[in-house]
Amino acid sequence: MCADQIPTIQSNQNEPNESPSPTTRFAPSPTGALHLGNARTFLINWALARQGGERIVFRIEDLDGPRVKPGADVQAIETMRWLGLDWDEEPLYQRQDLSRYQVAINRLYEKGLVYPCQCTRKDIEAAQSAPNAGDHEMRYPGICRDLEGGLKPELGDESDERVGALGGVAWRLRVPEGEISFIDELRGEVRVDVQKGVGDFVIATKLGLPAYQLAVVLDDAMQGVTHVVRGHDLLQSTGRQLWLYKFLELEPPTRYTHLPLIAGEDGRRLAKRHGDTRVDHYRQSGVRSERIIGLLAYWSGAIERRQEMSAVEFLEAFDLMKMSREEMVFGPRDHAWLMAGTL
Ligand code: GLU
């Protein structure tokens with residue numbers, strides 16, 4: 001496939017000059033069951049979309065993370081439906097077709113914007129996943145930037161024998177110095193200096209797969225996404241993604257909303273260490289979806305006391321501007337309130 005085919009990756013199916021129709025997306029990674037924090041992000045994303053008449057597209061980020069679990073995609077979809085969420089398009093699976101990423105990498109390569117890198121495995125593997133809070137991201141000091149390699153980037157997948165033959169190199173983007181800025185709906189103008197922060201980041205991994213940062217840009221552009229709603233842990237990643245939009249000459253989303261995270265009582269992002277916070281765990285214990293939505297609504301500032309409500313009632317009550325900019329804490333009282341609903 002040749003690089004000038006990239007114009008197929010464009011926002012919306014509108015005529016030129018027509019502004020793209022407002023579109024947001026659900027983009028779960030099928031790495032495990034949805035927990036309360038993920039559910040809160042999807043619920044708010046859904047409510048903002050339905051309040052603003054945005055189309056909701058769906059994408060399964062099955063390139064995101066070496067920990068993709070079979071069946072987790074179907075389970076996430078089922079849990080989201082059970083909570084009362086809906087969307088307007090069938091899910092797109094990233095792995096189904098890698099050619100659009102290859103086209104983009106070719107284009108970056110031809111512009112001299114990427115280079116092969118043989119540096120540490122750990123550093124490069126980390127690039128496969130969306131960076132989450134608490135992930136320690138080191139700055140890449142540019143060790144391989146000026147080495148002559150004579151290699152060309154070629155994607156495959158883990159089962160592709162050619163991956164070994166390609167020498168298992170990762171590909172990094174030459175990130176310019178200086179800041180890139182965007183408006184976040186909750187925080188106003190955000191300025192990110194990517195070169196000072198993480199340096200030249202990985203866009204294709206040693207496994208021969210596009211890294212999260214590249215995949216998310218291509219797919220948001222291809223699916224015509226104009227509004228990205230996601231956790232605050234991806235705020236810095238938005239800076240990286242904006243460089244890619246620029247270099248690939250793609251239209252970036254016009255709106256970004258990075259939501260404060262849900263933490264455990266130790267202040268760390270909600271995770272397994274805080275007990276079983278999977279939505280399905282509560283569901284299997286007999287908790288009704290309205291009770292879960294009630295807790296998520298309380299965390300989102302839509303109600304002052306925990307009370308059962310449907311997703312539609314949440315949508316009517318939720319006001320992004322009234323939401324706290326601080327992290328919310330999941331504690332024993334939240335758990336007790338959920339479980340009280342099973343009596
Ligand atoms: N798939 C990512 C996650 O579940 C989300 C990435 C994004 O919203 O850009 O953490």
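Counting starts at 1 for both ligands and their atoms, following the listed order.
- Salt bridge D219/R25: absent, no basic N to carboxylate O contact under 4.0 Å.
- Of all atoms in ligand 1, listed by their number and element, those nearer than 4.0 Å to a heavy atom of E61 are 1 (N), 2 (C), 5 (C), 6 (C).
- Side-chain atoms of Y245 and V217, non-hydrogen and from C-beta on, do get closer than 4.5 Å to each other.
- Using a 4.0 Å cut-off between charged side-chain N and carboxylate O, D86 and R81 make no salt bridge.
- Closest to atom 8 (O) of ligand 1 among all protein heavy atoms lies R25 NH1, 2.7 Å.
- Judged by the 6.0 Å and 45° rule, R172 forms a cation-pi pair with Y140.
- A salt bridge links E61 with R59; the closest basic N to acidic carboxylate O contact falls under 4.0 Å.
- Under a 4.0 Å criterion applied to the non-hydrogen atoms of V216, ligand 1 contributes the atoms 9 (O).
- Counting atoms of ligand 1 from 1 in the listed order, those under 4.0 Å from a heavy atom of R230 are 7 (C), 8 (O), 9 (O).
- At a 3.5 angstrom cut-off on N or O pairs, A27 counts as close to ligand 1.
- Between Y282 and the choices R291, R288, H335, the side-chain hydrogen bond (donor to acceptor under 3.5 Å, both in side chains) rule is met once, by H335.
- Atoms of ligand 1 found under 4.0 Å from any heavy atom of S29, numbered from 1 in the order shown, are 1 (N), 2 (C), 3 (C), 4 (O).
- Using a 4.0 Å cut-off to heavy atoms of Y212, the atoms of ligand 1 that qualify are 6 (C), 7 (C), 9 (O).
- Residue-level proximity to ligand 1 for V228 is absent, since no heavy atom of it falls below 4.0 angstrom.
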